[in-house]
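Down below is the structure, laid out as structure tokens.
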Amino acid sequence: MPTANSLILHRERQDTGIGGYSVQIVDGTGWDGIISHFDDAVYDQSHAYATALWGEERLSHLVLRERDTVVAAAQVVLISPPVLDRGLAYVKFGPLFARQGMSGDRTVLRSMLRALKQEYAGRRGRYLTILPQARRGGMDIVVEELEALGFRCNRPMIDPNRYLVHLDCSNEELRQSLAQKWRYNLKKANAHSFDFSEVSGPAALEEFMALYDAMLSRKGFNDTSGIAAVPALISQLPASARPRIMLARVDGA
């Protein structure tokens with residue numbers, strides 16, 4: 001698996017730098033290994049997920065380096081709608097700027113946002129849209145830096161609810177933090193003899209996808225989850241970032 005230090009081998013272009021950092025546009029080779037060094041990495045910023053949804057030809061990648069270390073990274077989706085005179089550059093749930101074990105440096109974030117603006121809005125002349133991700137402590141730091149660079153809110157998120165679960169407390173504390181109806185349903189479910197297991201391999205993936213398809217058919221809702229990317233995530237991501245399949249059975253079913 002390529003590391004962050006192998007990025008230099010795959011660069012398309014290297015800029016002179018910004019805010020004391022060097023800025024590079026890189027290809028997708030080893031990208032998922034690169035973002036695995038960030039605590040704020042999400043599947044939307046992975047090459048495996050975005051390729052399955054958008055196609056590799058629409059993806060662009062920018063990194064901010066401090067000497068030999070990548071300190072911020074962003075995967076950008078390039079869209080060219082026929083009704084617009086210039087295309088879009090869309091960063092979903094990025095940029096990533098919290099290296100493993102670090103909370104995320106505001107100076108790094110500011111420099112990364114400036115680099116994105118200069119590259120995609122400036123040099124490429126695209127409409128740049130950045131959708132920050134929910135993060136511990138809130139999104140205020142990202143929103144403030146975006147506004148300082150002249151960005152404005154286009155519209156609120158269609159689905160603004162995001163949940164960050166605190167895992168340092170006990171199971172009972174987690175249970176008590178749920179709403180009353182959730183606690184009732186959980187207690188009711190616990191009356192059944194569930195058998196939980198983690199499964200892997202092609203047969204497990206096939207069983208999971210069949211269950212998901214059955215749920216869609218039963219519920220009848222429009223699915224925009226990107227579930228079709230799961231096989232690519234399992235096969236292409238570093239082991240530490242791969243989705244894990246958990247199945248619950250009752251009486252063997």
Side-chain angles (χ1 to χ4, degrees), residues 1 31-33 35-54 75 92-94 96 98 100-101 103 131-139 156-253:
M1 177 62 62
W31 181 258
D32 291 338
I35 68 171
S36 68
H37 294 280
F38 289 84
D39 282 339
D40 52 353
V42 291
Y43 287 142
D44 297 85
Q45 280 289 302
S46 74
H47 191 258
Y49 182 86
T51 297
L53 262 65
W54 299 98
Q75 178 170 255
K92 184 175 182 180
F93 299 154
L96 311 179
Q100 286 182 343
S103 60
L131 176 59
Q133 62 172 283
R135 60 179 63 242
R136 183 173 56 188
M139 295 187 295
M157 285 186 66
I158 298 174
D159 52 347
N161 291 325
R162 293 292 184 272
Y163 303 93
L164 303 178
V165 180
H166 182 41
L167 298 178
D168 289 338
C169 53
S170 67
N171 287 342
E172 184 57 33
E173 288 172 321
L174 282 174
R175 183 192 296 267
Q176 291 303 315
S177 70
L178 298 175
Q180 181 178 6
K181 188 67 174 179
W182 281 80
R183 295 199 303 272
Y184 168 79
N185 286 329
L186 183 58
K187 183 177 181 180
K188 186 177 179 181
N190 283 340
H192 297 280
S193 297
F194 285 107
D195 177 29
F196 296 96
S197 60
E198 180 176 354
V199 294
S200 60
L205 178 59
E206 184 177 350
E207 185 173 11
F208 168 77
M209 296 301 290
L211 280 169
Y212 194 89
D213 289 340
M215 181 193 69
L216 284 183
S217 179
R218 184 174 66 253
K219 296 291 187 180
F221 63 84
N222 180 34
D223 181 33
T224 59
S225 67
I227 194 69
V230 169
L233 294 176
I234 291 177
S235 64
Q236 297 176 27
L237 288 184
S240 61
R242 291 172 193 162
R244 298 161 62 183
I245 299 176
M246 308 293 296
L247 294 182
R249 303 180 188 276
V250 176
D251 298 328

Using the test salt bridge (Lys or Arg N to Asp or Glu O under 4.0 Å), find all partners of [X] that sit at least two apart in sequence or belong to another chain.
X    : value
E172 : R175
R244 : E198
R242 : none

Taking side-chain contact (heavy atoms from CB on, under 4.5 Å) as the criterion, tell me which of V199, V230, L211 meets it with I245.
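Of the listed options, the one satisfying the test is V199.
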What pairs meet the salt bridge (Lys or Arg N to Asp or Glu O under 4.0 Å) rule with one or both residues in residues 223-234, with sequence neighbours excluded?
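For residues 223-234: none.
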Any pair counted as ring-ring contact (aromatic ring centres under 6.0 Å, His included), so long as it reaches residues 200-236, sequence neighbours left out:
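Not a single pair qualifies under ring-ring contact (aromatic ring centres under 6.0 Å, His included).
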Could you report the tightest heavy-atom contact between [X] and [Y], atom names first, then the distance?
X    : Y    : answer
Q75  : W31  : N-CZ2, 3.8 Å
P231 : I227 : CD-O, 4.1 Å
S46  : I35  : CA-CD1, 3.7 Å
D40  : L96  : O-CD2, 3.2 Å
A48  : L237 : CB-CD2, 4.3 Å

Point-to-point distance, once rounded to the nearest 0.5 Å, from CG of L205 to OG of S235
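Result: 9.0 Å between the selected atoms.
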Spatial distance of atom OG (S193) from atom CG (N190) [nearest 0.5 Å]:
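So the gap between those two atoms works out to 10.5 Å.
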Please name all residues satisfying side chain to side chain contact (heavy atoms under 4.5 Å, CB included) with [X], sequence neighbours left out, ordered by chain then number.
X   : value
S36 : P238
L53 : Y49, A229
V42 : D44, Q45, F93, Q133

Residue list, side chain to side chain donor-acceptor pair (under 3.5 Å) with E207, at least two apart or on another chain:
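Testing E207 for side chain to side chain donor-acceptor pair (under 3.5 Å), a comparison that skips the adjacent residues, returns R249.
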Side-chain donor-acceptor distances from residues 178-189 under 3.5 Å, at least two apart:
residue	atom	partner	partner atom	Å
R183	NH1	L178	O	2.6
N185	ND2	K181	O	3.4

CG of D251: more than 12 outside heavy atoms within 6.0 angstrom?
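Atom CG in D251 is not crowded, with 12 or fewer foreign heavy atoms closer than 6.0 Å.
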With sequence neighbours excluded, residues passing ring pair (Phe, Tyr, Trp, His ring centres under 6.0 Å) with F196:
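F196 satisfies ring pair (Phe, Tyr, Trp, His ring centres under 6.0 Å) with F194 once adjacent residues are dropped.
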